[in-house]
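Below: one structure, written as structure tokens.
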Amino acid sequence: MTSVAIVLFTSDLRVHDHPPLRAALDAAERVVPLFVLDDGVRRAGFTAPNRLAFLAETLADLDASLRARGGRLVTREGPVVDEVCAVVRETGAREVHVAAGVSRYALAREERLRRELGAQGCALRVHDGVITAVTPGAVTPDGRDHFAVFTPYLRQWEKVRTRSPLGAPRRVEVPDVGSAKPLPENVPGASAGLPSGGERAGRERLDRWLSSGIRDYAERHDDLAGDGTSRLSPYLHFGCLSPLEVVHRARTRGGEGAEAFVRQLAWRDFHHQTLHARPSAAHADYRTQHDRWRTDEREAAAWRDGETGYPIVDAAMRQLRHEGWMHNRARLLVSSFLTKTLYLDWRIGARHFLDLLVDGDVANNQLNWQWMAGTGTDTRPNRVLNPLTQARRFDPDGAYVRRWLPELDFLPGRSIHEPWKADGVPYPAPLVELSDGLARFKAARGKD
DNA sequence: CTTATATTCCG
DNA sequence: GGAATATAA
């Protein structure tokens, strides 16, 4: 009987720079590339139509990549640990390789796998540097288990010598083992403007980004209408791209834009190391400000539906619904609006983002929301972004607003940001006066 | 070397 | 104000 190893794919749906796949191929003659759609994964948010659609395309693409190498993707449905154990029994595999995760769900999965595989005489091998460029915990301040401030983290992060990215394997021999039906690619309720899923699409986008877009990233990344960002976030979330390879290639390319872009990837690692050390930060305040958030379902619904009366906020919320994606600058401004101006709980916003974002990621989403809510790692927890100032600075001619709110297009220039100043505009009145929101927030937080 | 304190800096 | 680090004891 030939030797068999299993690679359990999770948030690393690619063949390039995939240490678990490489290790499995080195260890055994035949390898089972396995993906399990389990209830825990469903609960963790995969049921959101946008990510489910992207996932279906990504799995189809991964299967195609493996078939081009003589293999195929084996998919199963059911509790992930049970399914892995079943495949071990069916194939006589001696090793299971998996990427190290950071969420509570991933850590629990790893623990159960280790225990139950051990009982079957099968080893679990966990690989670092797959989900993030720098492993959570690889750099720490003296006497603490993680960094709580980004800049000191970045200084250490930049010094870490990471391995060289691995190429894709030439051949993958897969033993005969049963597989579930592929996921349907047409998902009801998915946004119309979703990007295509899969490693191939991700690598094409990365190539284009490195050869052109990244050059002006430092100057253009905040321009809402110009859309000068990489849009690689969904591919990073599903692991269609290796963050380590992206960092490596961006650094090789060099320049001011590349440096600014790599810094954003360090933010991604920063949030992952925070969540790894403090799993509760996915739902509880990282550093509580003892907020007693207002509850107002009418205002929350207006925010979700892009009907706050502030065009820059509403445009962003409509982009989210239509594309399953939102410009990063817009994410900052709408989250400031929800948490600081309306003074509504950050979890309301984080949940809505996870319902729609194709890149929706527990570490990045929850900790960025906490950052803006002032309950996270921001060293200035009372910072408030004024939506009008943001609009004038990052959408000076209103091109972004015009794209998403065509009903306001007749308002010239920057006046589009203040439709309440014109007569007879078919648009909701502002949900709240900015000065009232600010006063309310200051009273609640008490200081600064 | 450990621990206390000063200094710097925060998207 | 507090986190990280440099410096002193």
Rounded to whole Å, how long is the line connecting atom [atom1] of [X] with atom [atom2] of [N]?
X      : N      : atom1 : atom2 : result
A/R329 : B/dG11 : CZ    : P     : 13 Å
A/R331 : B/dG11 : CZ    : C1'   : 17 Å
A/R263 : B/dG11 : CZ    : P     : 8 Å
A/E259 : B/dG11 : CD    : P     : 16 Å
A/L332 : B/dG11 : CG    : C1'   : 9 Å
A/L367 : B/dG11 : CG    : C1'   : 16 Å
A/Q289 : C/dG2  : CD    : C1'   : 12 Å
A/R445 : C/dG1  : CZ    : P     : 16 Å

Within a reach of under 6.0 Å around CZ of A/R351, are more than 12 heavy atoms found that belong to other residues, nucleotides or ligands?
->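 Counting other residues, nucleotides and ligands, CZ of A/R351 stays at 12 neighbours or fewer.
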Between [N] and [X], is there an OP1 or OP2 to side-chain N/O distance shorter than 4.0 Å?
X      : N     : result
A/Q156 : C/dT5 : yes
A/T151 : C/dA4 : no
A/R155 : C/dA4 : no
A/R287 : C/dG1 : no

For the residue pair A/F54 and A/Y235, is the inter-centroid distance of their aromatic rings smaller than 6.0 Å?
-> yes
Pair A/W209 + A/Y217: ring centers closer than 6.0 Å |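 They qualify: ring centres under 6.0 Å apart.
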Donor + acceptor pair across side chains of A/H97, A/H127 (<3.5 Å) = yes
Quick one: do the A/Y400 and A/Q319 side chains pair a donor with an acceptor below 3.5 Å?
->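 Note: A/Y400 and A/Q319 side chains meet the donor-acceptor criterion.
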Check every atom of C/dA3, B/dG11, C/dT5 against the side chain of A/P141 and return the nucleotide holding the closest atom.
->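 The closest nucleotide is C/dT5.
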Reckon A/R144 touches a base, only the sugar-phosphate, or nothing at all at heavy-atom distances under 4.0 Å?
->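 The residue A/R144 makes sugar-phosphate contact but no base contact.
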